[in-house]
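Every chain is numbered from 1, with letters handed out A, B, ... down the list of sequences.
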Protein chains: 2
Amino acid sequence: MRFSKQRELIKNIVQGTNSHPTAYWIFNKAKKKISNISLGTVYRNLNKLNKDGIIDIFYDNNIARYDWNTVSHDHLKCNKCGKIIDVKMHTKELQKEVWKQYKFEADNFEITVSGICNNH
Amino acid sequence: MRFSKQRELIKNIVQGTNSHPTAYWIFNKAKKKISNISLGTVYRNLNKLNKDGIIDIFYDNNIARYDWNTVSHDHLKCNKCGKIIDVKMHTKELQKEVWKQYKFEADNFEITVSGICNNH
DNA sequence: ACTAATAATAGTAACCATTACTATTTAAAT
DNA sequence: ATTTAAATAGTAATGGTTACTATTATTAGT
Ligand SMILES: [Mn+2]
Ligand SMILES: [Mn+2]
Ligand SMILES: [Zn+2]
Ligand SMILES: [Zn+2]
C-alpha cells in the first residue's frame with residue numbers, strides 16, 4: 001500500500017477522537033484540510049485501514065462507526081446524550097456459560113449497553 | 001389499529017420461524033399467500049407490530065432482522081452456517097460492574113456472540 | 001532527474017435497504 | 001347502505017455505501 005495524504009489524514013482524524021465517528025463526520029472534518037476530498041475516498045480508506053487492522057468498524061443500529069481502539073472492547077451508549085463510552089467487560093463467565101448450555105464455541109462478544117451515563 | 005389480512009399474515013410469518021428473518025425474506029414468504037403484497041406494506045407493518053410490542057427488531061451488521069421473541073434476550077451467531085440462536089445471558093454481574101466502574105445506569109444489554117455452533 | 005508502471009484519487013453513477021407519497025381500496029362504526 | 005378514515009399497492013425518494021472511470025500522484029528502476 002503506498003502513501004497518500006488523504007489516507008494519512010483520515011487515519012489521524014479517527015485516531016484523534018473518542019467519539020466513534022461516522023464516515024460522514026470524518027468526511028466533513030477532512031474537508032477542512034483537503035477541501036475537495038471525496039466521500040468515496042473516505043469510505044475506501046476507512047475500509048482499507050480496517051482490513052489492515054489499523055482501525056475498527058462497528059454498527060450502531062444500521063450505520064457504521066469507526067474506532068481507533070482495535071483491542072476487543074465494548075460500548076456503553078447513553079440514551080440521553082448519545083455518548084458512546086469504551087469499556088472492557090469480563091466475558092469469561094459468559095463464554096463458559098455459552099459452552100456449557102449450548103456447546104457453542106464463542107470467539108467474540110459484542111456487547112452494547114444502553115442506559116444513562118454519569119453526566120445526568 | 002384495525003384488522004388487515006396483510007398484517008395478520010406478516011405477524012404469522014414472523015411468529016412462525018426461529019430464523020430471525022429479514023424484511024425481504026418475509027416479503028417473499030408473504031407473496032406466496034398474497035401475490036401482490038407490497039414491500040412497503042411489509043415494512044410498515046413490521047414497524048407497527050414492533051411499536052405495539054408484538055415483535056422485536058434488531059440489527060445484524062447493517063440490516064434489520066425481526067424476532068417473534070419479545071422478551072429481552074441475546075444471540076449466538078455461527079460463523080460457519082450463519083444460524084442465529086436465542087439465548088438468555090446473565091447480565092446482573094455486568095450491570096453491577098458497569099455501575100461500579102463507570103457510574104453508568106444500564107437498562108439494556110445487547111449481546112451478540114459470534115463463534116461456532118454445535119453442528120460443526 | 002527521467003521514465004514507466006500502477007496505486008490512489010475526484011467526481012459521479014449505481015446499489016440496496018428503508019421510508020415517504022398518493023390515489024385507491026377496505027374495515028368497521030353508525 | 002352510507003360514511004369515515006385506516007390500510008394498501010405501486011412508485012418515487014432517501015440515506016448510507018460501493019462501483020466505475022478518466023485523471024493524478026507515488027514509487028521503483030534506469
Ligand atoms: Mn470503542
Ligand atoms: Mn432472538
Ligand atoms: Zn449521557
Ligand atoms: Zn453453525
Measure the distance from [atom1] on [X] to [atom2] on [N] and round it to the nearest whole Å.
X     : N      : atom1 : atom2 : answer
A:I37 : C:dA8  : CD1   : P     : 14 Å
B:I10 : C:dT18 : CD1   : P     : 14 Å
A:N45 : D:dT18 : CG    : P     : 13 Å
B:L39 : D:dT11 : CG    : P     : 13 Å
A:D60 : D:dG16 : CG    : P     : 12 Å
A:I34 : D:dT24 : CD1   : P     : 17 Å
B:N61 : D:dT17 : CG    : C1'   : 14 Å
B:Y59 : D:dG15 : OH    : C1'   : 13 Å

Kindly say if [X] contacts the phosphate of [N], meaning a side-chain N or O under 4.0 Å from OP1 or OP2.
X     : N      : value
B:K5  : D:dA7  : no
B:Y43 : C:dT18 : yes
B:N47 : C:dT19 : yes

TODO: Tell me what A:R7 touches on the nucleic acid: a base, only sugar-phosphate, or nothing, going by heavy atoms under 4.0 Å.
DONE: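 Sugar-phosphate: the residue A:R7, judged by heavy atoms under 4.0 Å, touches backbone atoms but no base.
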Side chain of [X] - closest among [options]:
X     : options               : value
A:A23 : C:dA8, D:dT26, D:dT17 : D:dT17
B:Q6  : D:dT18, D:dA7, D:dA9  : D:dA9
A:I63 : C:dA8, C:dG11, D:dG16 : D:dG16
B:N36 : D:dT8, D:dT26, D:dA9  : D:dA9

Task: Interatomic distance, B:M89 atom CE to B:S72 atom OG [nearest 0.5 angstrom] - done: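 The OG atom of B:S72 is 11.5 Å from CE of B:M89, to the nearest 0.5 Å.
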TODO: Find which nucleotide of DNA chain C each of A:S38 and B:N62 is nearest to by heavy atoms, and output the residue with the more 5' nucleotide.
DONE: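 Its nucleotide being nearer the 5' end, the pick is A:S38.
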Open item on the list: Assuming nearest nucleotide by heavy-atom distance, tell me which of B:T22 and B:S4 is located more 5' along DNA chain C.
Closed with: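 Closest to the 5' end, via its nearest nucleotide, is B:T22.
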Task: Distance-minimising heavy-atom pair for A:C81 and A:C78 - done: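 Between these two residues, the closest heavy atoms are N-SG, 3.5 Å.
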TODO: Compare every heavy atom of B:N118 with every heavy atom of A:Y102, then report the nearest pair and how far apart it is.
DONE: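 Minimum heavy-atom contact is O-ND2, 3.6 Å.
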Task: Closest-nucleotide 5' rank along DNA chain D - winner of B:G40 and B:M1 - done: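 Looking at DNA chain D, the more 5' nearest nucleotide goes with B:M1.
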Open item on the list: Can you tell me whether the side chain of B:R2 and the base of D:dA6 have a donor-acceptor pair closer than 3.5 Å?
Closed with: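 Pair found.
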- [ ] Report yes or no: does B:R65 contribute a side-chain atom to a donor-acceptor pair with the main-chain N or O of B:D60 at less than 3.5 Å?
- [x]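 Absent.
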Open item on the list: Looking only at side-chain N and O atoms, does B:R7 offer a donor or acceptor that is under 3.5 Å from a partner on B:S4?
Closed with: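 Note: B:S4 and B:R7 side chains miss the donor-acceptor criterion.
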